[in-house]
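Keep in mind it's a predicted model, so treat the numbers as computed, not measured.
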Amino acid sequence: MTLRFGPFELDEASRALMCARKEVPLQPRVFDLLVYLTRNHDRVVTKDELLDAVWAHVTVTDNSLQRAVSMLRTVLRNGGMDSAIRNVAGKGYRFCIDGGAEPQAAETADDDAPDLRTRAQRAAAAQAWEEAAAIFAKADATGLLDGNDLHQWALALQCTGKADAAMPLLARALAAHTNAGNVPPAVIDAVTLSGLYFERGQAAIAKGWLARAEDWAAEIDDPATNALILWMKSKVAAFDGEPEFALSLADEAYSAVRHKDAVSIEALSLVYRGFYRLCLGDTRAGLADQDHAATLALSSNRLDPVMGGILYCNILWASRMFGDWARADQWTLGYQKFCSESGMELTGSCQLHRSEVLGVRGSLGEALTRIQDSLARLTSDAPWSIGDANRVLGDIQSAIGNDDAALEAYDKAYSLGWCPEPGRAMLLLERGEAEAAHASLERSLIGKSWWTLQRRGILFAHLGLVAAHTGRREQALELIDELSGSADRWPMPSIRALTNEAQSVLAHTKGDYEAALRHLHLARQLWSSIEGRVHVVRLRLRIAKLQLERDDIRGASAELHAAQLITHDLGSHKLEANCAELQREIAMRESGRAA
């Protein structure tokens, strides 16, 4: 059976998907998913049905389905058809070959159907965002929509990844609200516009909308509205390099709405207060604030998808910036579940978060797919973070072993104003350019930008490691003492693992074999505790080399075997080559001993 849709041609018999006459590679499960969806394009297919059909006799979770859908959408995006796979909230997925709108919630005869505006409102209430957006567009042609309708239409577009299209609707909603004398919703739309412009790097316009919102809010006494403005002002203050002021604004916002039946604003102000506390070194209190905010939001059924997305993204961002990989993974899975249940598309930022977590944990193929999808989306989602996405792309390419591609991605990140460290420095160190690595890390710590404040701990830890490798013993010890002596500030396993690795290098330089080996084992255990498999393999190989120095062939072979078992699943030809090289060295040592 051959099926054509848009520029694609699907040939089931030959298991081939063509786009503009060129074959598109698909993983087997993703191909099976596409086949099943296209065969059943006339109806909504439930998640359970898809899991049974595509993963028959295999026990998997919804996450496997979500990943396959995301990968399939990435492929379809190349032909402009990523929106063909529609997520029907609480039901499943439907493949819309003709590109038409999602089936309407009530498929009654036209004579019996409610008017367009009511149908659009019902679809939005059911979180059928694609359907709601399509019907609102039809209703708009009749002039039926008021400010609340325009706001809901904009929300529907944001939930389907079309924030650019939502912005003019928010401006119209704002005008409608002010004409009707409805100040609170006008303020909300103005702050939303400020946030969208802010995400696009247009800070001057964002500040203009925020000033307008603040001017209107002065006319009313509404704690939730005022807290929303304070929250947005805190984001601007952080962007301007004033973290202490940002913290005071977020704290004021939280105090204004705490326990006052304004859950969304309460959670947002709390999560940002936590973020600023993290930036200023109050790590435990910052993490407590963020986890409290997420629990508060999840316990409420009044959190709209956009607010939820902002909240989750902040937590994930903070987890990534501070090297808290276990926490990042937990909240990423929670965010994916939130998106699935609310019918919301995964954003480019979410894909960026997930790709970095997957890269650290060793799912390098999927990490590469997701970061490429993220780069495709961020142009409209959050162009300011394209530099960060290139930094993560560099880390993934480096872990795979594509060093030239990694350096190219790091250079792109730097050209976009984003610091490519510590990944670039670690690659330079690995290539024998230790002094360049040290200089690059020291430059990354210059100044007090919000980015530097967030990553200070992880940058310090890598600088300590490179300092140890370059013979700067005093600097390395000073950094190790700073990080190890501040357990409340730097409790992350990744930072503790890096300081142990630096201590191992220093001990090895002094000829203290036992201490060097002990610190390497501690570092490996810490990375294992957060499933940092790429680092686990790297450290096992270092342990094996150290054991070979002492002629412990049996111990080295055991570490190599453990590393090989993990490497087989990573998709890193760099680590595979390192394992093979060590295998040859062990074999030569064994043959020499036998002779």
Exercise for the section: For the pair Tyr93 (side chain) and Leu50 (backbone), establish whether a donor and an acceptor sit closer than 3.5 Å, ignoring hydrogens and angles. Expected result: no
Practice task
Would you mind reporting whether His438 and Leu463 have side-chain heavy atoms less than 4.5 Å apart?
Solution key: yes
Practice task
Of all the heavy-atom pairs spanning Ala497 and Leu526, show the shortest one and how long it is.
Solution key: N-CD1, 3.5 Å
Practice task
Any chance you could lay out the side-chain contact (heavy atoms from CB on, under 4.5 Å) test for Leu560 and Arg540, step after step, and finish with the verdict?
Solution key: CA-CA 7 Å; Leu560 173 61; Arg540 282 196 181 279; over 6 Å; no
Problem - Nearest-0.5 Å distance that lies between atom CD in Glu559 and atom CG in Leu546 - result: 10.5 Å
Practice task
Walk me through it: do Glu478 and Glu482 pass the test side-chain contact (heavy atoms from CB on, under 4.5 Å)?
Solution key: CA-CA 6 Å; Glu478 183 180 341; Glu482 163 71 18; 5.8 Å; no
Problem - Steps toward side-chain contact (heavy atoms from CB on, under 4.5 Å) verdict (Leu249, Leu247) - result: CA-CA 5 Å; Leu249 289 167; Leu247 174 59; over 6 Å; no
Practice task
Give a yes or no answer on whether the side chain of Ser504 reaches the backbone of Asn500 with a donor-acceptor pair at less than 3.5 Å.
Solution key: no
Problem - Flag side-chain contact, heavy atom, 4.5 Å: Gln397 against Glu408 - result: no
Problem - From CG (Leu368) to CG (Leu393), nearest 0.5 Å - result: 6.5 Å
Practice task
Please examine the side chains of Leu570 and Glu576, heavy atoms only from C-beta on, and report whether any two atoms are closer than 4.5 Å.
Solution key: no
Practice task
Give a yes or no answer on whether the side chain of Thr470 reaches the backbone of Ala467 with a donor-acceptor pair at less than 3.5 Å.
Solution key: yes
Exercise for the section: Answer yes or no: is there a side-chain heavy-atom contact under 4.5 Å between Leu548 and Lys545? Expected result: no
Exercise for the section: Take Arg361 and Ser363, measure what side-chain hydrogen bond (donor to acceptor under 3.5 Å, both in side chains) needs, and give me the verdict at the end. Expected result: CA-CA 6 Å; Arg361 302 188 76 168; Ser363 300; over 6 Å; no
Practice task
Give me the ring orientation class for Trp231 and Tyr272: parallel if the planes are under 30° apart, tilted from 30 to 60°, perpendicular past 60°.
Solution key: perpendicular
Exercise for the section: May I have the step-by-step check of side-chain hydrogen bond (donor to acceptor under 3.5 Å, both in side chains) for Tyr410 and Asp395, ending in yes or no? Expected result: CA-CA 8 Å; Tyr410 289 139; Asp395 290 350; 2.5 Å; yes
Completion exercise
The residue among Arg496, Arg538, Arg518 that forms salt bridge (Lys or Arg N to Asp or Glu O under 4.0 Å) with Glu501 is Arg538
Completion exercise
When every non-hydrogen atom of Ser269 is compared with those of Tyr254, the smallest separation belongs to OG-CA, 3.3 Å
Handout entry: Residues that Arg273 engages under salt bridge (Lys or Arg N to Asp or Glu O under 4.0 Å), provided they are two or more places apart
Key = Asp251, Asp289
Fill in the blank from the handout: Nearest heavy-atom contact between Ala406 and Ser398 is CB-N, 3.6 Å
Problem - Neighbour count >12 (heavy atoms, 6.0 Å) for atom CD, Gln27 - result: no
Handout entry: Full working for side-chain hydrogen bond (donor to acceptor under 3.5 Å, both in side chains) between His573 and Asn402
Key = CA-CA 9 Å; His573 53 77; Asn402 302 329; 2.9 Å; yes
Fill in the blank from the handout: Closest heavy-atom pair, Ala267 versus Ala293, reported as atoms and distance to 0.1 Å, is O-CB, 3.4 Å
Practice task
Mark yes or no for whether Gln290, through its side chain, and Val271, through its backbone, hold a donor-acceptor pair below 3.5 Å.
Solution key: yes
Problem - From Glu366 atom CD to Leu358 atom CG, the distance as rounded to the nearest 0.5 Å - result: 4.5 Å
Practice task
Walk me through it: do Lys235 and Glu199 pass the test salt bridge (charged side-chain N to carboxylate O under 4.0 Å, His left out)?
Solution key: CA-CA 11 Å; Lys235 289 185 65 175; Glu199 289 296 311; 3.7 Å; yes
Completion exercise
CG of Asn314 to CG of Leu268, rounded to nearest 0.5 Å, is 8.5 Å
Exercise for the section: Please examine the side chains of Leu375 and Asn390, heavy atoms only from C-beta on, and report whether any two atoms are closer than 4.5 Å. Expected result: yes
Practice task
Output yes when Arg472 and Glu435 qualify as a salt bridge under the 4.0 Å nitrogen-oxygen rule, no when they do not.
Solution key: yes
Handout entry: Donor-acceptor contact present, side-chain Ser355 to main-chain Ala367, <3.5 Å
Key = no
Exercise for the section: Kindly give the heavy-atom pair with the smallest separation between Thr567 and Ser572, and that separation in Å. Expected result: CG2-O, 4.3 Å
Exercise for the section: Decide whether Gln564 and Gln583 meet the rule of one side-chain donor and one side-chain acceptor closer than 3.5 Å. Expected result: yes
Problem - Test item: Gln547 side-chain N/O and Ala556 main-chain N/O as donor-acceptor pair under 3.5 Å - result: yes
Completion exercise
d(Asp373 CG, Leu352 CG) to nearest 0.5 Å is 11.0 Å
Handout entry: Test log, rule side-chain contact (heavy atoms from CB on, under 4.5 Å), inputs Arg455 and Ser444
Key = CA-CA 10 Å; Arg455 296 184 62 79; Ser444 73; over 6 Å; no
Exercise for the section: State whether the side chain of Ser374 and the backbone N or O of Arg370 hold a donor-acceptor pair below 3.5 Å, judged by distance alone. Expected result: no
Problem - Greater than 12 external heavy atoms within 6.0 Å of Phe245's CZ - result: no
Fill in the blank from the handout: Closest non-hydrogen contact found for Ala434 with Val466 is O-CG1, 3.9 Å
Handout entry: Thr509 side-chain N/O to Val505 backbone N/O, donor-acceptor pair under 3.5 Å
Key = yes
Handout entry: Neighbour count above 12 (heavy atom, 6.0 Å) for Lys412 NZ
Key = no
Fill in the blank from the handout: Rounding to 0.5 Å, atoms CG (Leu498) and NE2 (His462) come to a distance of 4.5 Å
Handout entry: Asp388 vs Arg391, salt bridge (charged side-chain N to carboxylate O under 4.0 Å, His left out): CA-CA, chis, key distance, verdict
Key = CA-CA 5 Å; Asp388 188 33; Arg391 177 188 67 82; 2.9 Å; yes
Handout entry: Non-hydrogen side-chain atoms of Ser494 and Trp527 separated by less than 4.5 Å
Key = yes
Exercise for the section: Using a 4.5 Å cut-off on heavy atoms from C-beta on, say whether the side chain of Arg550 contacts that of Tyr513. Expected result: yes
